[in-house]
*Asks:* 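Supplied in C-alpha cells, the structure appears directly below.
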Amino acid sequence: MKAAFIATFLAALFAFAPAGAVEEPNSLPHIEIQTSQGRILVELDPLAAPLTVSHILSLVDEEFFDGLVFHRVIGGFMIQGGAYTPDYELEEDERTVPNESGNGLSNTRGTIAMARTADPHSAASQFFINVVDNRQLDPAKAAAKGRWGYAVFGTVVEGMAVADRIAAVPTGQKGELNDVPEVPIVIERIRRFAPD
C-alpha cells in the first residue's frame, strides 16, 4: 500500500516537470518569485503537500502568475497574491485543489500556504507568505472553532527581507478589497529554480 502511494505520488510530481528536466531523487522543487520589491526563493514540500505542489507547479509552468500583484498585505500577519492584476481585476485560476492542511506543516514565519474562501477546498491560485507565526491558521487551532486549516506547501529559503518589506508598505481600500498596497507590488514572474 505504501509503495503504491509513493509510486503514484512520484508519477504525479514528475508529470509537471518541464520537458527534458531531470530531478534529483532527494531534491525538493524550488520556485523563484521575482517581485517589484525583490526576489523571494521558496522551497516546496511535495511530500507533505503533493496535490498542492503539483497544482502550483502547473500554474508556474503556464506562467500564470506573471504580472499579477500582492493584493492583500497585512503587516504583522501575511502578504497575499496570485489572483489580481495591477488594475485589481480578478484573474484567479478556476481550477481548485483539495485542502491539504493537517500535513504536519505549520503556518509559521516564512512558510507559504494556499489562500481560500470559507469553502475549505476552494484554493485556486491565491497564496500567502506568513511574515509572523500564524499557528491559529493550523488545523488543530482552527478545528477548535469548527474550521479547516490553511495548507502550507513550502518555506521561504531566501528573501524574507523582501516579504517583510512588502508587509510594511502603506495600504488602503480599492473597491471591495481591503489592505491593498497604495503602490502595486507586482509579481513580475514566478519560475522553477534549480539551486546550486
Side-chain angles (χ1 to χ4, degrees), residues 8-73 78-86 88-101 103 105 107 110-117 121-131 150-163 166 181 184-196:
T8 302
F9 158 72
L10 290 174
L13 178 62
F14 290 119
F16 292 99
V22 177
E23 297 265 359
E24 292 295 322
N26 295 321
S27 68
L28 294 174
H30 290 68
I31 55 173
E32 182 181 53
I33 305 171
Q34 186 64 50
T35 80
S36 55
Q37 292 288 316
R39 169 184 179 268
I40 302 170
L41 183 63
V42 177
E43 182 178 82
L44 306 180
D45 192 337
L47 296 176
L51 300 176
T52 305
V53 168
S54 291
H55 179 71
I56 287 293
L57 288 176
S58 69
L59 293 172
V60 168
D61 291 342
E62 294 166 13
E63 302 181 2
F64 173 83
F65 297 106
D66 296 10
L68 299 181
V69 296
F70 283 95
H71 65 277
R72 185 170 178 237
V73 168
M78 58 90 225
I79 61 174
Q80 180 175 334
Y84 287 87
T85 70
Y88 299 100
E89 294 180 6
L90 182 63
E91 287 193 2
E92 187 166 26
D93 190 72
E94 295 180 356
R95 295 163 291 183
T96 59
V97 63
N99 191 320
E100 292 184 296
S101 66
N103 59 17
L105 303 180
N107 281 276
T111 56
I112 187 169
M114 293 301 288
R116 57 172 175 78
T117 67
H121 305 294
S122 62
S125 57
Q126 294 189 50
F127 62 87
F128 62 92
I129 296 173
N130 292 293
V131 296
Y150 288 79
V152 173
F153 62 93
T155 305
V156 173
V157 292
E158 290 179 26
M160 267 311 290
V162 174
I166 294 170
I185 308 297
V186 179
I187 300 168
E188 295 172 352
R189 63 185 174 277
I190 302 182
R191 297 288 185 272
R192 293 181 186 245
F193 181 82
D196 294 334

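Along the sequence shown, the residues carry numbers beginning at 1.
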*Asks:* Do you know the tightest heavy-atom contact between Met160 and Asn130?
*Replies:*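 What the structure gives for the nearest pair is CE-O, 3.9 Å.
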*Asks:* Do Ser58 side-chain atoms and His55 backbone N/O form a donor-acceptor pair below 3.5 Å?
*Replies:*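 Yes, because the side chain of Ser58 sits within donor-acceptor range (under 3.5 Å) of the backbone of His55.
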*Asks:* Give, for atom CD1 of Ile79 and atom CD1 of Ile40, the distance between the pair rounded to the nearest 0.5 Å.
*Replies:*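 Here the rounded value is 5.0 Å.
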*Asks:* One pair to check against side-chain contact (heavy atoms from CB on, under 4.5 Å): Ile187 and Ile33. What are the steps and the verdict?
*Replies:* CA-CA 7 Å; Ile187 300 168; Ile33 305 171; 4.2 Å; yes
*Asks:* State, yes or no, whether a side-chain contact exists between Ile112 and Val156 at a heavy-atom distance under 4.5 Å.
*Replies:*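 No - every pair of side-chain heavy atoms lies 4.5 Å or more apart.
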*Asks:* Does Ser125 use its side chain to pair, donor to acceptor, with the backbone of Gly82 at less than 3.5 Å?
*Replies:*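 Yes; at least one donor-acceptor contact below 3.5 Å.
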*Asks:* A side-chain contact here means heavy atoms from C-beta on lying under 4.5 Å apart; do Pro46 and Pro29 qualify?
*Replies:*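 Side chain of Pro46 against side chain of Pro29, heavy atoms only: contact under 4.5 Å found.
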*Asks:* To the nearest 0.5 Å, what is the distance between OG1 (Thr111) and CD1 (Ile129)?
*Replies:*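 Thr111 atom OG1 to Ile129 atom CD1 measures 9.0 Å (nearest 0.5 Å).
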*Asks:* If you measure from the Lys or Arg side-chain nitrogens to the Asp or Glu carboxylate oxygens, is any gap between Glu32 and Arg39 under 4.0 Å?
*Replies:*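 Judged by the 4.0 Å cut-off on N to carboxylate O distance, Glu32 and Arg39 do form a salt bridge.
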*Asks:* Side chains of Ile31 and Leu57: closer than 4.5 Å at any heavy-atom pair?
*Replies:*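 Yes, their side chains come closer than 4.5 Å.
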*Asks:* Side chain of Glu100, backbone of Leu51: donor and acceptor closer than 3.5 Å?
*Replies:*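 Looks like yes, one N/O pair under 3.5 Å.
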*Asks:* Could you check whether any side-chain heavy atom of Leu59 comes within less than 4.5 Å of a side-chain heavy atom of Asp93, counting everything from C-beta outward?
*Replies:*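 They are in side-chain contact.
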*Asks:* Check whether any side-chain heavy atom of Arg116 sits under 4.5 Å from a side-chain heavy atom of Val97, and report yes or no.
*Replies:*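 Side chain of Arg116 against side chain of Val97, heavy atoms only: no contact under 4.5 Å found.
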*Asks:* Check Gly67 against Pro86 and note the closest heavy-atom contact, atom names and distance.
*Replies:*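 Of all heavy-atom pairs spanning Gly67 and Pro86, the closest is O-CD, 3.2 Å.
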*Asks:* To the nearest 0.5 Å, tell me how far Phe65 CZ sits from Arg189 CZ.
*Replies:*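 Taking CZ in Phe65 and CZ in Arg189, the distance rounds to 15.0 Å.
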*Asks:* Can you check whether Phe193 reaches Val42 side chain to side chain, under 4.5 Å on heavy atoms?
*Replies:*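 The answer is no, as the side chains (C-beta and beyond) never meet within the 4.5 Å cut-off.
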*Asks:* Determine the minimum heavy-atom distance between Pro184 and Ser36, stating which atoms define it.
*Replies:*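 That would be O-OG, 4.0 Å.
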*Asks:* Side-chain contact, heavy-atom cut-off 4.5 Å: Asn99 with Met114?
*Replies:*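 SC-SC contact between Asn99 and Met114 ruled out.
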*Asks:* Could you tell me the separation between the CD atom of Gln34 and the CZ atom of Arg191, rounded to the nearest 0.5 Å?
*Replies:*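 Going from CD on Gln34 over to CZ on Arg191, the span is 10.5 Å.
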*Asks:* What are the two closest non-hydrogen atoms of Gln126 and Ala83, and how far apart are they?
*Replies:*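 Result for this residue pair: CG-CB, 3.3 Å.
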*Asks:* Treating Asn107 as the side-chain partner and Tyr150 as the backbone partner, does any N or O pair qualify as donor plus acceptor under 3.5 Å?
*Replies:*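 Yes: the side chain of Asn107 pairs with the backbone of Tyr150.
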*Asks:* Using a 4.5 Å cut-off on heavy atoms from C-beta on, say whether the side chain of Val69 contacts that of Ile185.
*Replies:*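 Not in contact.
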*Asks:* Can you tell me if Asn103 uses its side chain to pair, donor with acceptor, with the backbone of Val152 under 3.5 Å?
*Replies:*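 Confirmed, Asn103 side chain pairs with Val152 backbone.
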*Asks:* Backbone N or O of Ala194 within a donor-acceptor pair of the His30 side chain at under 3.5 Å?
*Replies:*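 The answer is no, because no donor-acceptor pair under 3.5 Å joins these two groups.
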*Asks:* Step through it carefully: locate the ring centre of Phe127, locate the ring centre of Phe153, and say whether they are under 6.0 Å apart.
*Replies:*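 No, the ring centres sit 6.0 Å or more apart.
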*Asks:* Looking at every heavy atom in both Gly81 and His71, which two are closest together, and how far apart are they?
*Replies:*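 For Gly81 versus His71, the nearest heavy atoms are CA-ND1, 3.8 Å.
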*Asks:* Glu91 and Leu68: which non-hydrogen atoms are nearest, and at how many Å?
*Replies:*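 Looks like OE1-CD2, 4.2 Å.
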